[in-house]
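Data block below; observations after.
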Amino acid sequence: MNVLGIETSCDETAAAVLQDGIVKSNIISSQLVHQKYGGVVPELASRAHQRLIVPVVEEALHIAGIKKEQLESVAVTYGPGLVGALLVGLNFAKALAYGLKIPFIGVNHMEAHLYSNFIDEPKPNFPLLCLIVSGGHTQLVLVRQFFHHQLLGETLDDAAGEAFDKVAKMLGLGFPGGPIIDKLAKQGNPDFVKFPRSFLDEDSFDFSFSGIKTSVLYWLRGHKILPADSQQITINHELLTNLCASFQAAVVDVLIEKIMRALRKFEVKDVAVAGGVSANSELRRRTQELAQRQGFKLHIPKFEYCTDNGAMIAMVGWLKLKGGIRSDFGLNAVANLSL
Ligand code: KG4
Ligand code: ZN
């Protein structure tokens with residue numbers, strides 16, 4: 001069974017071919033056009049997807065060594081995401097599936113992040129606790145069986161990845177900020193500044209990251225590193241690495257605490273982390289340490305499956321197809337689709 005997975009929800013144009021659940025190709029074209037704006041510009045994202053969708057899909061078929069006529073299904077993200085960006089992939093996928101007379105499957109992007117943990121071996125066992133940390137979402141989910149999700153908590157304001165991107169922008173770093181902060185933090189002291197950790201109520205599984213972000217801003221202003229009337233930052237390398245390490249430690253502390261709370265309350269077999277921020281080396285280190293201490297099996301996708309990709313979309317498509325689920329061609333893009 002050859003499934004093509006297409007992803008265009010944000011700034012990555014991605015396509016992958018899955019053959020009987022095995023990844024045969026995974027092509028990701030990251031749109032560099034957004035870098036100079038320090039964030040994703042929706043209209044530019046849609047235009048870039050339009051330009052890239054055909055070559056990216058052709059490359060995915062070529063690398064997998066198949067022709068489009070050998071496809072047996074097309075899976076595509078229909079939300080959540082930027083509506084104009086989603087529509088490019090969705091309409092392309094519908095047209096391709098319709099023309100080839102094969103099933104078309106709409107995929108929830110957050111589900112795809114969750115099931116990116118099922119791409120490689122060993123597969124997670126249920127009940128599974130999954131922390132999904134991306135640029136747009138931060139969610140803690142209990143999965144009792146395939147596609148039976150209980151949302152335990154989510155962010156009340158900024159997503160974890162969004163906080164990384166905003167703090168990176170304040171520090172005069174590029175976009176996306178997560179990987180840059182991660183790299184600089186390796187050389188810094190995480191105890192340099194004790195930024196506040198927002199754990200919320202004792203029994204809350206929700207998250208809040210806007211306070212940490214504001215604390216970084218006030219610290220920079222208070223130390224005259226970022227003047228109140230300017231975006232122009234003056235900072236030396238050592239201080240930069242210390243601030244990156246301190247900010248990252250605050251975010252990771254909160255994520256770890258929420259996993260520990262859920263483990264105290266719910267009986268789970270395995271724990272998984274997914275989404276762009278799951279590429280973060282400190283989060284990976286701390287969750288691995290926790291797994292060893294508490295004796296659970298931890299799953300984190302390979303780097304190429306952490307950030308947006310087509311393989312995770314094809315994986316959900318394949319799982320749904322096996323379960324006899326397919327979508328109607330009338331399916332529309334849903335910008336705020338929930339899990
Ligand atoms: O899942 P993703 O590719 O897109 C969304 O669905 O949002 O996540 C992108 C987010 C960005 O905010 C980016 O800064 C963050 O993931 N990210 C990281 C790292 N790599 C990507 N954050 C922290 N550390 C990283 N190594
Ligand atoms: Zn994503």
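FYI, side chains are in, hydrogens and waters are out, and symmetry mates aren't considered; it's all heavy atoms of this structure. Note that this is a predicted model, so its numbers are computed, not measured. Each ligand, and each atom within it, is numbered from 1 in the order the structure gives.
- Among the atoms of H113, an N, O or S atom falls under 2.8 Å of the Zn ion (ligand 2).
- For F126 and F146, the ring centers sit closer than 6.0 Å to each other.
- Salt-bridge annotation for E162 and K169: absent, with no side-chain N of the basic residue lying under 4.0 Å from a carboxylate O of the acidic one.
- Within the 4.0 Å heavy-atom criterion, neither part of H137 lies near ligand 1.
- At the shortest separation from atom 18 (C) of ligand 1 among protein heavy atoms lies G178 CA, 3.5 Å.
- Using the six-membered ring where Trp is involved, H109 and H113 have ring planes that are perpendicular, over 60° apart on the 30 and 60° scheme.
- Rounding to the nearest 0.5 Å gives a distance of 5.0 Å between CD1 of I259 and CD1 of I256.
- The distance from ligand 1 to the heavy atoms of G161 drops below 4.0 Å at these ligand atoms: 12 (O).
- Of the candidates V40, V277, N280, V167, it is N280 that places a heavy atom closest to atom 24 (N) of ligand 1.
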D308 vs I28, side-chain contact (heavy atoms from CB on, under 4.5 Å): CA-CA, chis, key distance, verdict
CA-CA 8 Å; D308 292 349; I28 305 168; over 6 Å; no

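- Not a single N or O atom of E12, backbone or side chain, sits closer than 3.5 Å to an N or O atom of ligand 1.
- Angle OD1(D308) to the Zn ion (ligand 2) to NE2(H109): 100° [nearest 10 degrees].
- The ligand atoms of ligand 1 that sit less than 4.0 angstrom from a heavy atom of G136 are 7 (O).
- For atom 14 (O) of ligand 1, the nearest protein heavy atom (residue, atom name, distance) is D165 OD1, 2.7 Å.
- Nearest to atom 20 (N) of ligand 1 among the protein's heavy atoms is G276 O, 3.4 Å.
- Across the listed options G135, S30, S281, G135 owns the non-hydrogen atom lying nearest to atom 5 (C) of ligand 1.
- Distance from atom 2 (P) of ligand 1 to its nearest protein heavy atom, with residue and atom name: D308 OD1, 3.3 Å.
- Taking the six-membered ring for Trp, Y115 and H149 have ring centres closer than 6.0 Å.
- Each of R286, R285, Q248 was scored for a side-chain hydrogen bond (donor to acceptor under 3.5 Å, both in side chains) with N280, with one residue passing: Q248.
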